Amino acid sequence: MSTIAQPDVPEVGIIEAPAPFSAWFAVAVLVGVTIFSFVDRQILAVVATPLKASLGLTDLELGALQGLGLAFFAAVATYPIAWLADRFDRRLILCIGIAVWSLATAACAFQTTFEGLLIATIGIAIGEAGLGPIVWAVIPDLFPGRQRAAANLVYFLAAILGTALGLGISGATFGWLAANGAALPGFLGDMEPWRATLLFVALPGPLFILLVATLRLKGSRAAAKASAAAFAAVLADSGFVAYARRHIVTLSCVFAAIAAYNIGIASTLVWLPTALPRIFAIDPATVSVQLGLAIGPASLIGVGVSALCVKFWRGDRAVMAPRLAAIAFLAAAVPTAFLPFVTESWQAMALVGVQFAAGIAAASVLPSIVQDISPPHLRARNFGLMTVVALVPQGLSPLVIGALSEAVGGPHGLIAAIALVGAPAWVLAAGLIWRSENAFRRTVAEVQSASPVTVAAGEAHDRETGR
């Protein structure tokens, strides 16, 4: 085995100094930016009912705003923006993104046609497209090896709680403006409450731009270079295309399962604030606040259940993450299927709570699954691919549900459509993850055998034995 000239990277096994305060401050800022993005991303779902009445939109057009406008164009923009973030100052790219989605959110308030609203939502999508890849690229630059896991967990928890906080903040803002908006000065007092809400939720943009601009960030590609060199020494072709061909079953099953998971999640988040007011005497703002209160604790329970399962798992730990995800996906399908049968709004919230607890238990191990099957020098591309396959179904499912709702008809048509699309998606996700187990083992074995640490250890052994 030939000796590889390793780039200058930190050695594994040394005692690492604790991350400085500036690193945790950076995580706090990135958490704040993420929650802000959730508010601006979900605000259209919160104000969907008065917006629809004001502009005369159909359910299909509402679905197009959430799907085609937000999810599809975010998927299209993710890779180009990630490419820019790898070549320029990540703070600059993120600041530009915040400015774009803030201005686009504010622009939504002044639209009078579906076409204008669609263009503005496309701006929100493009602005937010680089957030995930940039954050996950920045965290390894801020923290040494073992502390990185803690930072990842903090950000993951913040991201899932951001969904609940986003709904809660959006609903509370809309509710307050609906009740008190007429007392606002100037033209704000004359605006419809949903328009004023869109303006208000865009206001924190400049503050977050300033905070991100002051962060102390630095990046290095040394680890990726070490990984590429190690794989080149073991495999004839260490590029992404060759890797994808060798592990097409693993990648197809894992990423298709992630896509199906996002259909299940999006089906509830996008449409339930609109579906419940059609059935019960409840306004959209109240539904959003209640959803936030249900999703927040459920998300924490899901993460806690996942952590306990990881700690006390008695089966084969090599496939623990995919098996845990498959079980949790199946558990999420059950409450989704029962949504059309609720007779009170609190019953819907209880079902959503169970759905999210199971879904988040699965989601909490999905990053580990992707990391396990990803060589370090290809990991960013795999996470970029994960982002795309997550966003595309998020874009399509609102359209499908909107069309199905109109086909079914009646006040219960929309909530029936949510169940008809969401429940099979959860079952499909479970089946795909379960199907990938053997292929998953083979992929993980290759990644581990050709990692820089493993190759370096093998070379040291060869030198010691005189081979």
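Model, not experiment: these values are computed from the prediction.
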Handout entry: I93 side, atom CD1; I81 side, atom CD1 - distance, nearest 0.5 Å
Key = 8.5 Å

Completion exercise
Heavy-atom nearest pair, A361 first then A328, reads CB-CB, 4.2 Å

Handout entry: Smallest separation among heavy atoms of V427 and A333, with atom names
Key = CG2-CB, 3.8 Å

Exercise for the section: Test F329 against L432 for side-chain contact (heavy atoms from CB on, under 4.5 Å), laying out the working first. Expected result: CA-CA 10 Å; F329 285 145; L432 288 166; over 6 Å; no

Practice task
List the atom of A419, the atom of P424, and the distance in Å for their closest heavy-atom pair.
Solution key: O-CD, 3.6 Å

Exercise for the section: Enumerate the residue pairs fulfilling salt bridge (charged side-chain N to carboxylate O under 4.0 Å, His left out) with a member in residues 94-115, sequence neighbours excluded, ordered by first and then second residue. Expected result: none

Fill in the blank from the handout: When every non-hydrogen atom of A358 is compared with those of A332, the smallest separation belongs to CB-N, 3.6 Å

Exercise for the section: For the residue pair L276 and M349, establish whether any side-chain heavy-atom pair is separated by less than 4.5 Å. Expected result: yes

Fill in the blank from the handout: CD1 (I258) and CD1 (I433) are apart, to the nearest 0.5 Å, by 6.5 Å

Practice task
Taking the side chain as every heavy atom from C-beta outward, state whether Y261 and L366 have any pair of such atoms under 4.5 Å apart.
Solution key: yes

Exercise for the section: State, yes or no, whether a side-chain contact exists between F73 and T121 at a heavy-atom distance under 4.5 Å. Expected result: no

Handout entry: Heavy-atom side-chain contact between W271 and T274 under 4.5 Å
Key = yes

Practice task
Using modelled atom types only, decide if a donor and an acceptor are shared between the side chain of R435 and the backbone of C253 within a distance under 3.5 Å.
Solution key: no

Practice task
Go through the structure and list residues passing side-chain contact (heavy atoms from CB on, under 4.5 Å) with T336, not counting sequence neighbours.
Solution key: Q355, A423, W426

Handout entry: Closest heavy-atom pair and its distance - C108, A120
Key = SG-CB, 3.4 Å

Exercise for the section: Decide yes or no for L117 and L51: does some side-chain heavy atom of the first lie under 4.5 Å from some side-chain heavy atom of the second? Expected result: yes

Practice task
Kindly indicate whether the side chain of V249, heavy atoms from C-beta on, has any atom under 4.5 Å from the side chain of F440.
Solution key: no

Exercise for the section: For A77 and A129, work out which heavy atoms get closest and say how close. Expected result: CB-CB, 3.8 Å

Fill in the blank from the handout: Separation between CD1 (I418) and CD1 (I401), nearest 0.5 Å, reads 6.0 Å

Handout entry: Donor-acceptor contact present, side-chain S306 to main-chain V303, <3.5 Å
Key = no

Fill in the blank from the handout: d(I360 CD1, I265 CD1) to nearest 0.5 Å is 5.5 Å

What pairs of donor and acceptor atoms, side-chain ones from residues 195-212 against any protein atom, are under 3.5 angstrom apart with sequence neighbours left out?
unit_1 : atom_1 : unit_2 : atom_2 : d
R195   : NE     : E192   : OE1    : 2.9
R195   : NH1    : A109   : O      : 2.7
R195   : NH1    : Q111   : O      : 2.8
R195   : NH2    : Q111   : O      : 3.1
T197   : OG1    : P193   : O      : 2.7

Problem - Within-4.5 Å side-chain heavy-atom neighbours: T113 and L55 - result: no

Exercise for the section: Quick one: pull up CG in L291 and OG1 in T268 and give me the separation to the nearest 0.5 Å. Expected result: 8.5 Å

Problem - Pairing of R441 and E437 as salt bridge, 4.0 angstrom limit - result: yes

Exercise for the section: Begin from the C-alpha positions of Y243 and I373 and carry the test side-chain contact (heavy atoms from CB on, under 4.5 Å) through to its verdict. Expected result: CA-CA 10 Å; Y243 156 80; I373 64 175; 4.3 Å; yes

Handout entry: From I96 atom CD1 to W101 atom CH2, the distance as rounded to the nearest 0.5 Å
Key = 12.5 Å

